[in-house]
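Here the structure is laid out as structure tokens; the discussion comes afterwards.
Every chain is numbered from 1 and lettered A, B, ... according to where its sequence line falls, protein lines coming before strand lines.
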2 protein chains.
Amino acid sequence: MMTDLDHFLSTLKQSGMRITPQRRAICRYLSQTEAHPTAAMVYNELKPEMPSLSLMTVYNTLNTLEELGAIHAIGQAGDEAVHYDTDTEPHVNVICTACRKIIDVPSKKIDALKREIETKSGYRLHNTRILFEGLCPDCQKKSS
Amino acid sequence: MMTDLDHFLSTLKQSGMRITPQRRAICRYLSQTEAHPTAAMVYNELKPEMPSLSLMTVYNTLNTLEELGAIHAIGQAGDEAVHYDTDTEPHVNVICTACRKIIDVPSKKIDALKREIETKSGYRLHNTRILFEGLCPDCQKKSS
DNA sequence: ATTACTGCAAAAGATTTGCACTAGG
DNA sequence: CCTAGTGCAAATCTTTTGCAGTAAT
């Protein structure tokens, strides 16, 4: 079976990029996390087990992976920094304005929306970023 | 007739905020522009006619207007800074990856998508940010 | 052996903060 | 009059750049 980790690594290799221990660690983290991490989050998670890792390498690797289309930048989620999404299929990101949790929600409606916008605007679309903000079930309970 | 400018100013006033010449100028610019400006763009546009204006006041005012819901931040559009949108109705922003032009496109499908996501996720949604990236008609011609 | 990658330090760019002065209500 | 707003300078935070040493292929 082809794991997500293998997918990331072979994407790098096929583009002529070298597989370094740092990149391997970053890809492994990305393939295992449910979060939508920022560069700083990746760095803080991996730093303990790889003290030599520098934040700059994290930025480099995330940029490279994004250019190769293996991950997507979903922009700042109401906060400071750019969050990344390892799910590259069109889907909706939903973020809780209270606890900042981000989840992915698929929808069959996205494709039709994209085609409608393409027709109406005349643009040829190749990237989709849909973000809803709201209160997650947990935070709804807490606030009531 | 209630102009957009009046709308912005009365929103400020009703929240107990003072109407200063700077805020009036910023609101006037926002009500007249077709662009999706960043703070720096607003500043550069108004600086010639109001040399005393400071970038900081622009940030303050845009933040205030956003908190009041009069404008929306649409996040960085692939580039550096946060762009603002004076259209607060749910709609799609489409940005050209070549010339960076941003247009608004309405769609009746957004409401159904939002309801679907609300049902599937359990989140109570209150903000919508939909961004498509692609090539605008002009840039398609140029590249062919 | 090459050449790309890493990591440090410093830079760049956007946004925020502290504070004295000014002016809107 | 009194408080909020302004504008300056400096701080902060994220991200990028320059460069010498290091390591992947």
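- In this entry the distance linking CE of B/M56 with C1' of C/dG18 reads 10 Å, nearest Å.
- Considering only side-chain N and O atoms, A/N63 lies under 4.0 angstrom from the phosphate OP1 or OP2 of D/dT16.
- Across the protein-nucleic acid pair, A/Y43 atom OH and D/dT16 atom P stand 16 Å apart, rounded to whole Å.
- Computed from coordinates, the B/Q22 CD to C/dA23 C1' distance equals 10 Å when rounded to whole Å.
- The nearest whole Å value for the distance from the CG atom in A/N60 to the C1' atom in D/dT14 is 14 Å.
- With rounding to whole Å, A/Y59 atom OH is found 18 Å from D/dG18 atom P.
- Look at B/R18 and you won't find any side-chain N or O under 4.0 angstrom from OP1 or OP2 of D/dT6.
- Residue-to-nucleotide proximity on DNA chain C shows that, of B/A39 and B/I19, the 5′-proximal contact is made by B/A39.
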Take B/F8 and B/I26, measure what side-chain contact (heavy atoms from CB on, under 4.5 Å) needs, and give me the verdict at the end. CA-CA 10 Å; B/F8 286 137; B/I26 293 167; over 6 Å; no
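- Of all nucleotides listed (C/dC8, C/dC5, D/dT6), C/dC5 comes nearest to the side chain of A/M17.
- The phosphate of C/dT6 (OP1 or OP2) has a side-chain N or O of A/R23 nearer than 4.0 angstrom.
- Distance, A/Q14 CD to D/dT25 P: 14 Å, rounded to whole Å.
- The backbone N or O of A/E118 sits nowhere less than 3.5 Å from a side-chain atom of A/R124 that would complete a donor-acceptor pair.
- A salt bridge links B/D111 with B/R115: the distance from a Lys NZ or Arg NE/NH1/NH2 to an Asp or Glu carboxylate oxygen falls below 4.0 Å.
- Summarising the geometry, atom CD belonging to A/E133 is positioned 11.0 Å from atom CG belonging to A/N93; distances are rounded to the nearest 0.5 Å.
- For the pair A/T20 and A/A40, nearest-nucleotide mapping onto DNA chain D gives the more 5' position to A/A40.
- Here B/E49 pairs with B/R28 in a salt bridge; the nearest charged N to carboxylate O distance falls below 4.0 Å.
- No engagement by A/P51 is indicated, since no non-hydrogen atom pair under 4.0 Å with the nucleic acid exists.
- Rounded to whole angstrom, the span from the CE atom of A/M41 across to the P atom of D/dC13 amounts to 17 Å.
- Map B/G16 and B/T57 each onto its nearest nucleotide of DNA chain D; the residue landing nearer the 5' end is B/G16.
- When rounded to the nearest whole Å, the span between CZ of B/R24 and C1' of D/dT6 equals 16 Å.
- Within 4.0 Å of B/S52, counting heavy atoms only, lie sugar-phosphate atoms of the nucleic acid but no base atom.
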